[in-house]
K.L.:
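Here's a structure for you.
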Amino acid sequence: MKFSEYFLPTLKETPSDAKLASHKLMLQAGMIRKVTAGVYDYLPMGFKVLKKVEEVVREEMNRAGCQEVKLPIIQPADLWRESRRWDDYGDEMFKLSDRKDQEFALGPTHEEIITDMVRNELSSYKDLPLTLYQINDKYRDEIRPRHGVMRSREFLMKDAYSFHGSQESLEETYRDLYDAYARVFDRLGLDWYAVDAPSGLMGGSYSQEFIAVADEGGEEIAVCDECGYAANVDIAAYKPSEDEAQVELKELEEVETPGKETVAAVADYLDVPGQKIVKTFIYSTDDGYLAALVGGNDELEETKLSSHLGRSDLEMVSTESEIEQVTGANFGSIGPIGLDIPIYADADIKAMKNFIVGANRNGYHLKNVNWERDLEDAKFTDLRRVQEGDRCPRCGDELDFYRGIEVGQIFQLGEKYSRALDAHYQDEDGQLKPYLMGCYGIGISRVIPAIIQQNYDEDGVKWTEAVQPFDVGIIVLDDEGSDVFEYGSYLYDELSDRGYDPLFDDRDESPGVKFNDADLIGLPVMIIIGPRGMKNGELEVEFRAGGKETVKIDGVPRGEVADRIGDLLNR
RNA sequence: CGGGGAGUGGCGCAGCUUGGAAGCGCGCCUGCUUUGGGAGCAGGAGGUCGCUGGUUCAAAUCCAGUCUCCCCGACCA
């Protein structure tokens, strides 16, 4: 490609509304332009990179035995009503209607569509298993789109769906797809972790996310380097504390704590460590109230509570009047003792003795509370968020915490959609059974900012080999008609003929502009041909990753120079 | 949805407090000079000041409403 003919509008100044490096660089390097919040144009170079990501994914999906299809973006509301997700997905969906007032959605995902497609065709166990995938735009009316194509409302996703007659088959495909994903992200050059994940709106039993490590990422994960345990912090488990040594159980005692409404204030007032206090949260459900208890310095993880209880109707009681009605006290003094509601306590505080809770009487707390005597009905389970210093639930080694960008997620969905959509097959005994399903997504468009976020410097992008938009740049530092330009022109043709993808910077621009653009757009190698080098009988080859080579051209046949450059490109 | 901020040539911004000729830098066009890390000189094109209404002799500027966008948070790939 000749730069002068390529639609590659680089920006000297960085757009003010971009904060993240990947967002800035994609705009500056002329890859994307914003159309409206969360919706972007891909310019030629951006699109080229996008297609490279897509191709890596497609190759690995095909290799894993998946078949590519193309499903519609416009989807009828009826299908979504059938799966009951029309309301569950809610405002997250772009909804529209046609001239007859028929309702539709722009597909945020395709479980309904694909299940509908196969339900009339896969009628025998002999047809299973089957895995289909597509690479297609998805639409989600994000609450807050941000960081360019990192979180946008229209985005390109690879989504695959598998159908099975047995859990074993589902698990086998799940493992195969896991392996395929590992190959994809390795090939793309990402530094990534696969972590246990909540399955959210998709439903299902087991799910893992693929997280590209980046400090600016929106996901937080806990990882054990010792045994390989890795989980999204929303569900990450920890190893509970050991029982405190034999301690005498002291007498329960009500103490005055006037106006002390926070853990810190109470701890300070009573001169005890904050962790000695147990926090109480009251939740309402369709079937009444319940209490959740965590340590004073811990954070209740609602995801854990709701998945432990297996219910999605949890709502934390957050108005003064309601909390008073349930406990008889205001927020600063609520506690579990004397409440006639189920009590769930975090496993980590089970070992505590003689601790402190609110007295359910304004301005008072209870000291020397003990489970076996005062709260014998409390049920213990993992309820709190993991935190710095926690130990691995499997091996006890200390957990490491990272932030990252979610680039993929795989789910064992089970029967959720096949049941809802009445999608059955007949097994060997002639029994009608719903398929077991899995689904597997990769955020193709999000992979690009993830790669950039892991590979850039102050000058611009440093592409990984799998997605680099060009193999090499040819920078000529003289105008058309000069020997310099002519030599560059020759190398451009020659390298193209040899199967490389060069960008020939033939623009009438000053050297500084050309060098800076080359760095910005991430040309992995620059071949620099200028009058100065020409005079010395040489040209320079400069690597984006660092390092420089000089190639002698004086008296050397051009073909040999091209050979030499080819060697340098291949190393 | 809560909190903060911004809408002025393609991009980045000033002007608004105190109403009175729409400016600056970059980019763009023409010509000449330049050419190894974002060149110089000269000339030029380009703007419904987000939108609607109001106040006023006069509104980018004051008032009211409205739309859009950005940042932080709760949600999600």
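Note on naming: letters A, B, ... go to the chains in the order of the sequence lines (proteins, then strands), and numbering restarts at 1 for each one.
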K.L.:
Mind checking who B:rG2 pairs with, Watson-Crick or G-U wobble, both distances under 3.5 Å?
P.N.:
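When the pairing criteria are applied, B:rC72 turns out to be the nucleotide that pairs with B:rG2.
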K.L.:
Contact class for A:Thr36 vs. all strands (heavy atom < 4.0 Å): base, sugar-phosphate, or nothing?
P.N.:
sugar-phosphate
K.L.:
For B:rG27, does the base pair up with any side-chain atom of A:Glu13 as donor and acceptor (N or O, under 3.5 Å, distance only)?
P.N.:
no
K.L.:
Using Watson-Crick or G-U wobble geometry with both distances below 3.5 Å, tell me the partner of B:rU55, or none.
P.N.:
none
K.L.:
Under 4.0 Å, counting only non-hydrogen atoms across every strand here, what does A:Lys138 touch: a base, just sugar-phosphate, or nothing?
P.N.:
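Nothing, no nucleic acid heavy atom in range.
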K.L.:
Please measure how far the C1' atom in B:rG19 lies from the corresponding atom in B:rC24, and state the result in whole Å.
P.N.:
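My reading of the C1' atoms in B:rG19 and B:rC24 gives 22 Å.
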K.L.:
Over all strands shown, is A:Glu209 touching base, sugar-phosphate only, or nothing at heavy-atom distances under 4.0 angstrom?
P.N.:
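Here A:Glu209 touches no strand at all.
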K.L.:
Picking from B:rC72, B:rC75, B:rG27, which would you name as closest to the side chain of A:Ile143?
P.N.:
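Within the option list, the nearest is B:rC75.
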K.L.:
Using the side-chain heavy atoms of A:Ala37, tell me which of these nucleotides is nearest: B:rC75, B:rC70, B:rG36.
P.N.:
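That would be B:rC70.
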K.L.:
Using Watson-Crick or G-U wobble geometry with both distances under 3.5 Å, which nucleotide pairs with B:rA14?
P.N.:
none
K.L.:
In the structure shown, which nucleotide is the Watson-Crick or G-U wobble counterpart of B:rU48, with both distances under 3.5 Å?
P.N.:
none
K.L.:
Across the strands shown, which category fits A:Gly443 at heavy-atom distances under 4.0 angstrom: base, sugar-phosphate, nothing?
P.N.:
nothing
K.L.:
Between B:rC69, B:rG38, B:rC76, which one does the side chain of A:Glu219 approach most closely?
P.N.:
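Nearest listed nucleotide: B:rC76.
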K.L.:
For a 4.5 angstrom cut-off between non-hydrogen side-chain atoms, does A:Tyr283 reach A:Glu315?
P.N.:
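Result no, sub-4.5 Å side-chain heavy-atom pair not found.
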K.L.:
Just the atom pairs and distances: protein N or O near nucleotides 30-32 of chain B's N or O, under 3.5 Å.
P.N.:
none

K.L.:
Would you mind classifying the nucleic acid contact of A:Glu542 as base, sugar-phosphate or nothing, using non-hydrogen atoms under 4.0 angstrom?
P.N.:
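The residue A:Glu542 makes base contact.
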K.L.:
Which of these nucleotides, B:rA74, B:rG36, B:rG38, is closest to any side-chain atom of A:Arg144?
P.N.:
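Of the candidates, B:rA74 comes closest.
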K.L.:
Which base sits across from B:rU30 as a Watson-Crick or G-U pair, both distances under 3.5 Å?
P.N.:
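Across any shown strand, B:rU30 pairs with B:rA42.
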